*Asks:* 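First the structure, then my questions, so here it is.
All values derive from a computational prediction rather than experimental measurement. Reckoned from all heavy atoms, side chains included, excluding hydrogens, waters and symmetry mates. Whatever order the structure lists ligands and atoms in, that order sets their numbers, starting from 1.
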Amino acid sequence: MNDLMPTPCAWLVCQAGCDERYPMDEVRYRCARCGGLLDVEHDLGALGQRSGAAWRDLFDRRARLAPPPYASGVWGKKEWVCPNIEDKHVVTLLEGWTPLLPTPDLGEALGLPNLLVKQCGHSHTGSFKDLGMTVLVSMVRHLSGCGHAVRAVACASTGDTSAALAAYAARAQIPACVFLPAGRISDEQLTQALANFAVTVALDTDFDGCMAVAAAFCERHGVYLANSMNPLRIEGQKTLSVEVCQQLGWEVPDWVVVPGGNLGNVTAIGRGFLLLRALGLVDRTPRLAVAQAEGAAPLWRAFRDGWRYAPIVAKPTLATAIQIGAPVNAHKAIEVLRALDGVVEVATEEELLRAAVLGDRHGLYTDPHTGVALAAAAKLAAAGTIGRDERVVVVSTAHGLKFSAFKRSYHLAGSGPAPGVAPAGRNAPLFLPADLPSVERALLPLLDTRWPDHSAR
Ligand SMILES: *Cc1c(COP(=O)(O)O)cnc(C)c1O
């Protein structure tokens, strides 16, 4: 299964421009010299000793079938992710290998007949956050293995990071602590952290406020910080791009559209494609589009302003996981978007809701963030930025099952999720007397009108 080449190596490097390097297994999130954020840098010379065709072949041989951890979508690409960790220290829930679903009917309705949806919510904790968290928690276990005992891991979260941290920490039997904005995450996300026995702290503030407390707490008490500023998560999430190409028979889509909050995922996806091209597995890159909620769109403002970025105070949105005004990875994301001719689009509350409902009408189970991405993709198609025949991958970041209240409040009449949103297309249950004539009277007309052209197919 493994190789005939020496283990490639990786290190941490300051990305603020001072180029200071640190070993991968040093507990450090910022540069000691200038305070800049860190990145993982790989030894491209060593990785380049294997040809693009040989990498494709290795990744294809490992796909799903290899012994763990290599059956994981992330660890099947271990040399590109975190080569230094011993296999026995890898903490995996066999994340990755989520479906890349062709959705031609939904695509047609959005003006993008070549649409595919990358179903990242079909993962252990129901969001793409698993891809990064497996790497971070594996590093914590590796650190303990080399004598740097870590007391606990902690994060601030808009809901999905805490669910993933709780699960992977429990898998590794490491104490975890999560800081959540009280009342601003879904019941399902809160339940996930509780069920996996993370110490769960609800603070009366927003995500940005939780982040400040979590960072200070970790610094003072030697607790390992699991947030987006930790560069290891990007390394795991990067494998999403490799997996998409692999699922397309090593072809590259024309566009990838992804909802963005802290902007770690778009950074990871962009870097994944750049690495694929640099190492010769593919010969081109896609364009990227980041989708933001209109009231929480600091990146969109930067895009409009010649990529000049300034943080904002984010307004509440149904897409709670991307209600972030001061994204940690803004500068990394802008660099990647510039390299890949990227764009940014926004969706209003009404647009994201309509797109999510449309997705559900075509058999998906759409979370609000994927609603933002679908709506933005449709707007970019309508504006001619995305060509009608281009192959577009929309990254669905979470499973709709984590957002039941979002769906219930839409469909159950009288409790609209957002003022001003038209109730068209609601599907409330019919409360009827328990006799056949009443049921027939109410039901039969609906059966004939709900899918008007189904028999023509
Ligand atoms: C975390 C998250 C995002 C945003 O990802 P970033 O890397 O912070 O930009 C989008 N959607 C869902 C469902 C998420 O959990």
*Asks:* For the pair E390 and R287, find out whether any cationic side-chain nitrogen is under 4.0 Å from an anionic carboxylate oxygen.
*Replies:* no

*Asks:* Just checking, K78 and Y70: is the charged tip under 6.0 Å from the six-membered ring centre and within 45° of the axis?
*Replies:* no

*Asks:* Identify the protein atoms, limited to N or O, that lie within less than 3.5 Å of an N or O atom of ligand 1, and list each pair with its distance to 0.1 Å.
*Replies:*
from: ligand 1; atom 1: 7 (O); to: G264; atom 2: N; distance (Å): 3.1
from: ligand 1; atom 1: 7 (O); to: N265; atom 2: N; distance (Å): 2.8
from: ligand 1; atom 1: 8 (O); to: N262; atom 2: N; distance (Å): 2.8
from: ligand 1; atom 1: 9 (O); to: G261; atom 2: N; distance (Å): 2.8
from: ligand 1; atom 1: 9 (O); to: N262; atom 2: N; distance (Å): 3.3
from: ligand 1; atom 1: 9 (O); to: L263; atom 2: N; distance (Å): 2.8
from: ligand 1; atom 1: 11 (N); to: T397; atom 2: OG1; distance (Å): 2.8
from: ligand 1; atom 1: 15 (O); to: K129; atom 2: NZ; distance (Å): 2.7
from: ligand 1; atom 1: 15 (O); to: D160; atom 2: OD2; distance (Å): 2.6

*Asks:* Considering only distance and modelled atom types, tabulate donor-acceptor pairs under 3.5 Å from the side chains of residues 124-132, sequence neighbours left out.
*Replies:*
from: T125; atom 1: OG1; to: D130; atom 2: OD1; distance (Å): 2.5
from: S127; atom 1: OG; to: K129; atom 2: N; distance (Å): 3.1
from: D130; atom 1: OD2; to: S123; atom 2: OG; distance (Å): 2.8
from: D130; atom 1: OD2; to: H124; atom 2: N; distance (Å): 3.1
from: D130; atom 1: OD2; to: T125; atom 2: N; distance (Å): 2.9

*Asks:* Using a 3.5 Å cut-off and no angle test, enumerate the donor-acceptor pairs between side-chain atoms of residues 300-309 and protein atoms at least two apart in sequence or in another chain.
*Replies:*
from: D305; atom 1: OD1; to: R308; atom 2: NH2; distance (Å): 3.2

*Asks:* Please name all residues satisfying side chain to side chain donor-acceptor pair (under 3.5 Å) with S241, sequence neighbours left out, ordered by chain then number.
*Replies:* none

*Asks:* Any carboxylate oxygen within less than 4.0 angstrom of a Lys/Arg side-chain nitrogen, looking at R388 and E108?
*Replies:* yes

